[in-house]
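Report on the structure given below.
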Amino acid sequence: MTRKWNCPEVFTESQKPEYRMGHTATYDPKLRCIYVYGGSKNQRWFHDVHMLDLEEWKWSLLKVELLVRPQYYRFFAILIDRMYIFFLL
């Protein structure tokens, strides 16, 4: 172990996620990727889902149908090949 931080170069197929807070991120061990959903920045609320492929270090903006308003401070999980988003009320 080298105890040295290595920051790989990250590529994008589309726009990478903007810096934000209050978002949620979930790791999918089957696909080896991280999903990032929602959050806010400067009183702007995001309603997007981005995926970081950990094999190729590529960001992708996913086209998903979400039937809820933009959210922040929630969590989601991947269970049996499906993604669930849980909202705090």
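Interatomic distance, L54 CG to D28 CG, rounded to the nearest 0.5 Å: 10.0 Å. Interatomic distance, CG of N42 versus OH of Y19, reported as 14.0 Å (0.5 Å rounding). Atoms OG1 and OH, from T26 and Y35 in turn, are 9.5 Å apart once rounded to the nearest 0.5 Å. Note that CE of M21 is 11.0 Å distant from CZ of F46, once rounded to the nearest 0.5 Å. The CH2 atom of W5 lies 14.5 Å from the CZ atom of R3; values are rounded to the nearest 0.5 Å. The CE atom of M51 sits 10.5 Å away from the CG atom of L61 when rounded to the nearest 0.5 Å.
Residue E18 comes nearest to K41 through the heavy atom pair OE1-NZ, 3.6 Å, listed as atom of the first residue, atom of the second, then distance. For the residue pair P17 and H50, the shortest heavy atom distance occurs at CG-CG, 3.5 Å. The two residues D48 and Y37 have their closest heavy-atom pair at O-CD1, 3.2 Å.
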